[in-house]
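Proteins come first, then strands; the chains are lettered A, B, ... in the order of their sequence lines, and each starts at number 1.
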2 protein chains.
Amino acid sequence: MAKTTAARKSKAAAPRQEHTTETPDALGARSNPLDGVIGYKVRRAQVAIFQDFIHHFKEVDLRPAEFSVLRILHETPGLKHAEVAGMLGIKRTNFVSLMDALEKRGLATRRKSGTDRRSHALHLTPKGEALLGEAMKLFETHENGLIRKLGGEEVRDQLLELLSRITEE
Amino acid sequence: MAKTTAARKSKAAAPRQEHTTETPDALGARSNPLDGVIGYKVRRAQVAIFQDFIHHFKEVDLRPAEFSVLRILHETPGLKHAEVAGMLGIKRTNFVSLMDALEKRGLATRRKSGTDRRSHALHLTPKGEALLGEAMKLFETHENGLIRKLGGEEVRDQLLELLSRITEE
DNA sequence: TATTGTTATACTCTATAACTATA
DNA sequence: TATAGTTATAGAGTATAACAATA
């Protein structure tokens with residue numbers, strides 16, 4: 001691997017394993033000084049995963065965020081806009097068009113809440129439940145492909161745990 | 001529902017203790033069915049890292065991709081558009097405006113190549129080298145913060161290795 | 001013919017301000 | 001006053017088609 005530029009000295013105790021992977025100088029991928037950069041690697045992985053997702057989900061025409069909304073509303077029906085947006089990690093203002101699209105396709109609905117007439121209780125329609133069923137099969141294929149690449153479910157769990165350390169605070 | 005989201009008892013990846021955070025059902029962060037999804041976690045981590053990057057790089061006004069270009073041209077001067085774009089993982093057509101901005105700020109230059117007059121040899125200016133020097137210090141701070149969160153450089157290397165398994169193929 | 005840089009364009013994702021209707 | 005949903009808008013990031021100069 002590429003020894004991130006200079007400073008790599010701190011904590012002399014850390015055993016420096018040499019890791020002799022001779023990364024090939026392929027087409028658009030010559031070895032570059034970014035290979036040891038966490039953000040770069042995470043972004044490249046995210047792009048690769050989302051592309052694979054889109055590829056697998058072509059027949060149900062769902063993007064990652066849309067699929068996530070369906071899953072959330074399936075697991076916890078009746079949530080409000082702000083709640084679902086929060087779980088997705090997007091602004092509530094950007095959730096509107098997302099929910100519009102799902103409603104327009106007849107996959108989800110907004111019901112006026114009885115307790116607070118400002119908010120909406122969000123639910124899947126039967127058609128939404130049916131499409132989610134289809135989508136879950138495609139998701140299994142997609143996710144299992146990733147798990148296989150990683151080396152199994154335990155490695156997957158290990159990766160998720162490491163990523164949580166970055167996200168948590 | 002998901003079979004993949006089951007079994008979650010793997011031992012932590014690295015030399016780091018159990019960290020008994022009883023994940024609070026905080027503001028926009030109630031426990032949700034996406035927590036075991038690789039793509040979701042990777043995306044959340046990527047967003048968090050980039051936000052932290054932007055925050056640290058405010059005083060040099062460089063976004064991740066721009067900083068990456070400076071680093072690449074510092075390490076390997078004379079590369080062509082298509083080569084740098086390939087290392088960044090973006091289309092060459094989208095690299096043009098990125099390079100335009102760097103050139104307009106006087107940080108990098110395009111020189112006509114002698115061997116192939118279609119292409120440009122890209123170089124940093126002295127001003128670009130100087131700004132990169134400043135930026136590298138900010139980068140160290142940013143990156144060291146991530147490494148500390150992860151639990152050390154070995155854990156970082158472990159994460160990079162797992163992410164490579166996804167990207168490689 | 002193929003490739004390099006380029007323009008134009010469009011679509012997605014994200015971010016901010018301000019409005020409305022409720023509370 | 002504050003909150004939930006909404007609209008409008010602007011900025012990045014990414015994708016495709018097509019063109020001129022050069023190979």
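Rounded to a whole Å, the CG atom of B:Leu122 is 13 Å from the P atom of C:dT4. When the P atom of C:dC13 is taken as reference, atom CZ of A:Arg43 falls 15 Å away, rounded to whole Å. Remark: P of C:dG5 and NZ of B:Lys112 are 9 Å apart, rounded to the nearest angstrom. The distance between atom CZ of B:Arg92 and atom P of C:dA2, rounded to the nearest whole Å, is 14 Å. Atoms NE2 (A:His81) and P (C:dA21) sit 16 Å apart, rounded to a whole Å. Between the P atom of C:dT3 and the CG atom of B:Asp116 lies a distance of 12 Å, rounded to the nearest Å. To the nearest angstrom, P of C:dT16 lies 14 Å from CD1 of A:Ile90.
A donor-acceptor pair is defined here as one N or O able to donate and one able to accept, closer than 3.5 Å; no such pair exists between the side chain of A:Lys112 and the backbone of A:Arg118.
A pairwise comparison of heavy atoms in A:Phe95 and A:Ala85 identifies CB-CB, 4.0 Å as the closest pair.
Residue B:Asn94 is in base contact, counting any heavy-atom pair closer than 4.0 Å across all strands shown. B:Arg63 comes within 4.0 angstrom of the backbone, heavy atoms only, and of no base.
Rounded to the nearest 0.5 angstrom, B:Arg43 CZ and A:Arg43 CZ are separated by 14.0 Å.
Annotation: of the two residues near DNA chain C, A:Lys91 and A:Gly114, the 5′-most nearest-nucleotide partner is A:Lys91.
Taking every nucleotide of DNA chain D with any atom under 4.0 Å from a non-hydrogen atom of chain A, the first and last of them, 5' to 3', are D:dA2 to D:dA15.
For the contact set between residues 45-61 of chain B and DNA chain C, defined by any heavy atom under 4.0 Å, the members are B:Gln51.
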